[in-house]
Structure formats: structure tokens, C-alpha cells
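Every chain is numbered from 1 and lettered A, B, ... according to where its sequence line falls, protein lines coming before strand lines.
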Amino acid sequence: MKYQKLSSPRRRGSSLSITSLNSDFSLDSRPCLRSQVHGNDKFIYNFFLLFFYLFIFLFVYSGNASAQQVSLSLSPPLLELFIKPGKAIMVAYKLDNLGDPTFLNLKILPFETKDNLGNIRIKPEFEGPVRFSLDNADLTLDQPFFLKTNGSQQILLRIRIPENITDGDYYYSLLAETTPPTASEGIGSARAKATIGSNILVTISNSGNIDIKPKISLFSTRGGLTLGQNIKFFDSSDQIPVVLTVVNKGKNMMKPEGQISLKGNFGETIKYDIISKNILAESERLLEATPSASVECGDRRDAKFCVSTLILSGFFIGKYNLSTEIRFGENSPTIFGSTIFYAFPFKITGGIILAIVIVVFILSRHFREDGN
Amino acid sequence: MSKFIIFIIFIIFITIIIPEVSAIPMDSSRFKIESANVEIAGGNKSSTSYKLADTVGQLAAGQYSSTGYVVKAGFQYLHSIIPFRFSISDINIAFGTLVPSTPSTATTNLTVYFGGAGQYQVTAIEEGPLKTQSLNVIPDTSCDGGANTCNESLAKVWSSASAYGFGYGMSGNDIPADFIDSTYYRPFPDRTSAESPATVMTSINVGKNRSSTVTFKANISSIQPAGSYQTVINFVATPSY
């Protein structure tokens, strides 16, 4: 019904138009021509209807045009392997593409420690005795493959240790890198390539024994007022950062476990657990303990308080003894460290003394004026 | 008839005896457990006499041993369901048509989710300077020069219209401290010059969603030859060990 109501005036208009162009024709007297005109009319109507629908569809259903983005996820983020020469294992990784469709390339590169904060430096070329390959039928290392949006790829990584390899540690990263987009002609542009990595720590030992040589290289408080060689004073209300750095001069990585204890002058003791982060062979690492107070570091990664092992907060008064005991598993040495600091309410005392001086000054002046 | 009665009894037995299938409750009003091994159960169990870290139901997760090898996957001290994830909001950073002595900038956002990775770093390196196919080069910036001479590891002010080159500035979470404000820039390390990648984001604290903005900047002189200047910047996100 709607069609007829709508079409009726348009049909008349169309008829008039044709009549005006071809004045000799009478539509009413030529039924076949009339049906042809009605057919054209219907076609135009349908065309406009379709155009209208598509127009609405364009604005309602189409999303915003967006930049080409990449978003990758790789798990597990870390693999620790303790293995004998001549053995091989297979490990399953999961790579997810949460961005736009992209081509990805898998590769393995060795890494070394960059600093004592746990950062790494990936070496540009492969080295070391460990052999890597993929067990996937359709994937190989260093060969690009396509991964669609929300696509997931299981990576079956085979790690093989040849016979007669010297005991030691070898560190690698499994890297999944995107292919950069094609260059735009006629303009200046930088194209970004995204790479996500997962670290692989391989300890090769024929006997099952490991070589670790731990030593505390730094255990101290930061900031405060230093008197003499190592006597530190803090205000009672200060947040006190503690730094504990352990060096490993052995040939294998180690995993510290232990506690930092804070003992006050009344015998009260608080214990903080050391987080068991790996210390690689022939490197050192700043350890972290928990629960720690936290401070607002802003967005700056190297703010003084943000790179400490522990932050003590509370109201301190008197002498405090900080000690640590760190173990590295069975049949491994236990290492100890200690330091002391003093805390007094300097700010409060200073405020009180200043207030007393001001009051005494005012009173003495008042009495002097009275005397005069 | 007897078969029918047996069938009915069997059905009733099944209905009454077999318990409901239910999910393992992992939270209450006082706590919520996040686990890296979400398939069945994972995390730490402890009492005064024992402490156990277990992993159940995930391929190659946790610790297992066999003859000749031991494998541990993931961080044993973390129990998070947040996977290690890295995103770049726009991988095509277009400057448009470069106009002499008129700096052009373009931005992209880097986002890292790293709850299950302990700590992380993002590094950046260019695969050569901005150049045309005929090898005309826009050199890497040294910022305003003089006291404001920047390098690959130190950002300085780059605001002069007569200071030419290509570089980047940063703002947001976990960025290097030398990016003091939006006028501070560095040149990218150049892989073709055997330079080491620069760390542009890093954190030693566990977090969920850390994001920064990289501002690319190019400024050319009037004698710079015309052409399509291109380069590739490689951003590498890795967890710690």
C-alpha cells in the first residue's frame, strides 16, 4: 500500500515528463508503452530505495576509519630450562594477534644483561650451542606467516642440546616481529615494526650440579644524613629506601630466596620477603622485597625511590638494625648482610625549638617593656 | 515393566547422587585470586608447615621434571592472568609533505600489558636514517646544538626552526627521565651504524596497562632534495628474566 501511495504522484510526474518530450504520444491510448513506463518508474523507485538504504547503512553501521595498529601477545613470557647435553625438549608457546591482520616472523636471538635492573640487550646475531627449530608443520623460523585479527598461533619450539657441550648458561629470546607496512610514495614517513619477545634461560649441566658464587655487593639505605663512614641519620617521618644488590660470579644463574629484617631498639622486628628473581651468570641484580611501601614516582622510570629494593615507612626513633639472609636452594651457600641507621624526630624537634625561641623572645621583650 | 522400574530408579539415582558441576570459587568479598594458570587451578597454597607452588592444567606451565631436564615456564613469584602484550596504535607514521624550516610531527602510542611478566622494557632502533631511494638523507637530529646537543641516550631541547634532522620525543608512563617536556627530543639509534637500541619504556614494578606517546619530528632545510623519505623504526618489547 505504501508503495502505491508513494508511487502514484511520481508516476504522474513521469508521464508528464515523457509527454512533454514526445507530444505526439498519448500514454493512455498505448497500454504497452504505459506498462514500459511503469516498469522504468519501478526501477527508478527501487534504485532510489536501494540508494537510501545504502546511505543509511553507510552512516549507521560503518565504523570509523582507523590507523593500522598492531597488538601482539606471547606466552609464556619466560622459560627456564635445566638440561643435560644430548637432550631435546619441545615447548608450546601461544602467539595472539589482537590488532590488524599482519605477517609475522619468528626468530631466536641471544641476549645479555644490560644493567642490574633486569633489562636485557638482544644481540644482533645468533650464537651459542643450543639448537632451535619449530615442530609446526606449516611454520619455520625466519619465514613470515600470516595471522588474522584475533588469530592465535601455537608455536611448538624444539630446543636441542648437542652432545659434548661444555656446562654453562645460554640466554635467548624468542621474538615475533611484524612486517612493516608498505611505504607511502610522495611523503616523508617512518614505518614502525613491532616485536614481542619471550626469554629462554638454558642451563646446561652434565652432572646436575650448578656453579653459583653469590655475594652481596650493596646493602644500604639511601638518602639521609651520613656521618663518618657509614652512620646514617633519618628524620622519624622519612620514607627510607633500602638497596640490596647481589652479584653472581658463577657460571650458572641463581634464584635468591630470603628475607630482609628490620629490628628496632625495643626489639620489635618486621620481616620483608625477597622476591625470587633470577640473577644470571656473571651479573648482578637489584633485588626487590615485599611488602614494601610505595611512593608516587610519576612517569619517570629512574626516580631515586623507584629503583630501590624496599621502602620503609612509619615513625622511626632510635637505632635500627637492617639485616638480610639470602639462600639459593639446597646445597648452596647462604649469604648475610647488615646495616644500621638512626632516626630522630629532627623536624618536630626543630619546630618545637623554633617555637620555644619565638615564645621566649616574645615573652622577654614583653617583660622588658613592662620593666621599662 | 520391571525394566521400566529399573530405568526410573537409575534415573533418580543419577539425579540425586551425582553432584552438580560447578566452577571453583576463586574469590569472596575479602579476596580474589588471579592465577597465571587459569585452566583449572593455580597459585600458592600455604600453611604453617608447608608452602606449595602448583600449576595444573596448562601445557608446559610451572615446573616438571623428567630424565635429563627440568623446565619452568612463567614467573613463579607472579600469579597473574594478564598476559604479556605489546601494542602500537599506528605503524604508519606519515609526516605529509615536508616543508623547509617547518617542523613536521606525527605520533603513535605504545602500550604494554605485563602483569604476568614481572617487569618489561621497550627498545627502539631505526633501520637507517630517513632517506630516499636515491640515498638522499635527512640526518638524525642533534637538537638545538650547543648546550642543547642531544644524542641517542640523552634528550635535549629541539625547538629551533633552523635545527634540521629527524628525532623523537616521549611522554606518558615509564619513559626515560630526560624527556622533561614536549620540547625534548633524541635521535634514534641507527642499526646501520651498529648502534645499540635505546630503551624508551621500562618498569621494574608490576603493572597492568602502561602507555606512552612517541612524537616523531622531522625538519628539513631549503637545500634538502625532494623525494619520498622513508625509514623503519623497530620497537621491541621484552619481559624481564
Just give me the residue among [options] that pairs up with chain B most often, heavy atom to heavy atom, under 4.5 Å.
options                               : answer
A/Gln69, A/Glu177, A/Lys193, A/Met253 : A/Lys193
A/Ala190, A/Ser198, A/Ala194          : A/Ala190
A/Ala192, A/Ser205, A/Pro180          : A/Ala192

Which portion of [X] sits near chain B, non-hydrogen atoms under 4.5 angstrom:
X        : value
A/Ile200 : neither
A/Lys114 : side chain
A/Leu98  : side chain
A/Thr290 : neither
A/Leu201 : side chain
A/Tyr171 : neither

Margin query: Do B/Gln121 and A/Ile120 make a side-chain contact, defined as non-hydrogen atoms from C-beta onward lying under 4.5 Å apart?
Written below: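 B/Gln121 reaches A/Ile120 side chain to side chain.
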Item checked: Flag side-chain contact, heavy atom, 4.5 Å: B/Phe84 against B/Val112 ->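 Result yes, sub-4.5 Å side-chain heavy-atom pair found.
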Margin query: Does either side chain, that of B/Thr108 or that of B/Ser89, offer a donor lying less than 3.5 Å from an acceptor on the other one?
Written below: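 Judged by distance alone, the side chains do pair up.
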Where does [X] contact chain A at under 4.5 Å (heavy atoms): side chain, backbone, both or neither?
X        : answer
B/Ala218 : neither
B/Ile88  : both
B/Glu127 : side chain
B/Thr231 : both

Next item on the list: Could you tell me whether A/Tyr172 and A/Phe111 have their ring centroids closer than 6.0 angstrom?
Entry: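 Not under 6.0 Å, so no.
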Checklist line | Heavy-atom closest pair, residues A/Leu79 and B/Ala73 | finding: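 That would be CD1-CB, 4.2 Å.
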Margin query: Quick check on the interface: out of B/Val214, B/Leu130, B/Ile220, B/Ile93, who has the most heavy-atom pairs with chain A under 4.5 Å?
Written below: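 Option with the greatest count: B/Ile93.
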Check: If you count heavy-atom pairs under 4.5 Å with chain A, which of B/Thr238, B/Asn234, B/Ile138, B/Asp90 comes out on top?
Finding: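 Of B/Thr238, B/Asn234, B/Ile138, B/Asp90, B/Asn234 has the most heavy-atom pairs under 4.5 Å with chain A.
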Note to self: Would A/Lys255 and A/Phe328 count as a cation-pi pair here, with the cationic atom under 6.0 angstrom from the ring centre and within 45° of the axis?
What the structure shows: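 Here A/Lys255 fails the 6.0 Å and 45° test against A/Phe328.
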Note to self: Name the residue from B/Trp158, B/Phe216, B/Phe179 that meets the ring pair (Phe, Tyr, Trp, His ring centres under 6.0 Å) definition with B/Tyr168.
What the structure shows: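 Looking at B/Trp158, B/Phe216, B/Phe179, the match for B/Tyr168 under the ring pair (Phe, Tyr, Trp, His ring centres under 6.0 Å) is B/Phe179.
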Notebook entry, point to check: Would you say A/Asn199's side chain and B/Pro239's backbone share a donor-acceptor pair under 3.5 angstrom?
Noted result: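 Side chain of A/Asn199 to backbone of B/Pro239, a donor-acceptor pair under 3.5 Å: yes, one is there.
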Next item on the list: Please assess B/Gln224 against B/Tyr229 for the test side chain to side chain donor-acceptor pair (under 3.5 Å), listing each intermediate value before the final yes or no.
Entry: CA-CA 11 Å; B/Gln224 186 76 40; B/Tyr229 288 86; 2.9 Å; yes
